[in-house]
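Report on one structure; see the data block that follows.
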Amino acid sequence: MGETAKIILNGQEYEFPVIEGTEKEKAIDISALRATTSYITLDNGFGNTGATKSAITFLNGEKAILRYRGIPIEQICEHSTFIETSYLLIYGELPTKSELEKFEAPFEKYYKLHPDMLNCFAGYPQAGHPMGLLSSMMCSLSGYYPELLKPSLSDDEFEETAAELLAKVNTISACTFKKMQGQDFVEPKEGYSYIENFLHMMFSTREKEYECNETIVAALRKLFILHADHEQNCSTSSVRLVGSSWANLFASISAGVSALWGPLHGGANQKVVEMLEEIQASGGDIDKFIARAKDKNDTYRLMGFGHRVYKNYDPRATIIKKDCERIFDTLGVTDPLLDIALKLEAKVLRDDYFVERKLYPNVDFYSGLIYKAIGIPTVMFPVLFAIGRMPGWIAHWKEMKENPESRIGRPRQIYTGSTERDYVPIDQR
Ligand code: ACO
């Protein structure tokens, strides 16, 4: 018999199996706990709770390791494209040349929006946050593909939906930007790569075609890859939870976009730059902001620091920081915010409060500065995160649907409200 764990409740002993992952991480399988003991477990924010077994991404927060399907993120960033990485995440293996061509071929068709979708954009307020628009549009896509909404998709139907979502998030994201700017949408361009098309649809206008710059294309390639998956994070867990009710992939992805929007998750990249701007506007008084973040009576946090799983430097932040400085040099961009960021990081890494709590820069700390350097407005940063995270969401939805052990996600609770009491008519209250 393998390793087991014992729980003693009121003198009675209960034994539960321990399961082990391929990287030797261990879990006590308490699936039978309530049925055998009538107790449940309580785990605020699911900090210790494994919601599923997964073979997509491995990360070790103590050792700063991140691997997609076993391949270190550093190697993927060095050699792969975003579409190849997407295939790897979704299907589990690096594609052959012909597999990749087959996967990518329909993208050109799928970049194009259904003409009726333009009406959806037209009815949305120009000042609305692009993440609200992106989430709505992702869900609206379901209206155009009724044949893809059934609970089980064939392999071909799934592939079509996945390619459709990857292509459409690119176009729709660019359109949210155009909407914000009050500019006409720009058609995708034949022969352009995924990232070139994104930049073209974002920045070309009727009057002037955007010229893609190699450094910018390479920077976005790496950023999208670095954001492509991060196992059971808040937005991915949302996608899985919604999908667990057999909701279609479009609806599930829309929930992922909404979860990502929050400033504690994918919205942090926007908040980092706003925080650096605030520090700059206050005359660069970094210590004042650090003191606020440490004050127990203040809810203020230093954006871009800390992570639920990384208790070491986020390996994605290591790559982005190096890139950030190089991209600034190559593009000849200077930004006083970079200097503030470097100083803030140096101070935080020496400060006992942050050291004791193992709060290091996360992926969002430097990514916003790169987006800013390449001309993307702050409010669009979470949208770029969503483009990057799309393959991860799709891969997790697929894995969940194919797992015969999957059940509808339905946590329990410990009730802390009133015990039974009688209804009081309104005139007697
Ligand atoms: N600034 C100041 N203090 C912090 C910060 C921060 N950025 N992050 C955590 N802490 C403190 C908490 O106040 C807490 O202190 P305490 O133990 O004295 O109460 C301790 O560190 C642990 O923090 P928790 O909130 O319990 O950690 P949790 O794992 O729940 O949260 C999170 C992780 C949300 C990322 C948090 O560190 C945070 O809010 N960071 C800022 C927002 C951010 O950068 N989010 C992006 C994360 S990366 C991503 O989602 C892509």
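Remember, it's 1-based here, ligands and their atoms both numbered in the order they're listed.
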(message) Tell me if the aromatic rings of Tyr192 and Phe198 count as close, with their centers under 6.0 Å from one another.
(response) no

Under 3.5 Å, which donor-acceptor pairs link side chains of residues 82-92 to any protein atom two or more places apart or in another chain?
from: Glu84; atom 1: OE1; to: Ser80; atom 2: OG; distance (Å): 2.6
from: Thr85; atom 1: OG1; to: Ser80; atom 2: OG; distance (Å): 3.1
from: Thr85; atom 1: OG1; to: Thr81; atom 2: O; distance (Å): 2.8
from: Ser86; atom 1: OG; to: Phe82; atom 2: O; distance (Å): 2.8

(request) Sort out the contact shell of ligand 1: every protein residue with a heavy-atom distance below 4.0 Å, listed by chain and number. (result) Pro263, Leu264, His265, Ala268, Ala293, Lys296, Arg301, Leu302, Met303, Gly304, Phe305, Gly306, His307, Arg308, Tyr353, Phe354, Arg357, Leu359, Asn362, Val363, Asp364, Phe385

(message) Given Phe305, which partner from the list Tyr300, Phe289, Phe365 fulfils the ring pair (Phe, Tyr, Trp, His ring centres under 6.0 Å) test?
(response) Phe365

(request) Mind jotting down which residue pairs meet the side-chain hydrogen bond (donor to acceptor under 3.5 Å, both in side chains) criterion with at least one end in residues 59-71? Sequence neighbours excluded, please. (result) Glu23-Arg67

(message) Tell me which pairs pass side-chain hydrogen bond (donor to acceptor under 3.5 Å, both in side chains) where either residue lies in residues 353-369, with sequence neighbours left out.
(response) Glu345-Tyr366

(message) I'd like to know if the side chain of Thr236 pairs up with that of His230 as donor and acceptor (distance under 3.5 Å, no hydrogens or angles considered).
(response) no

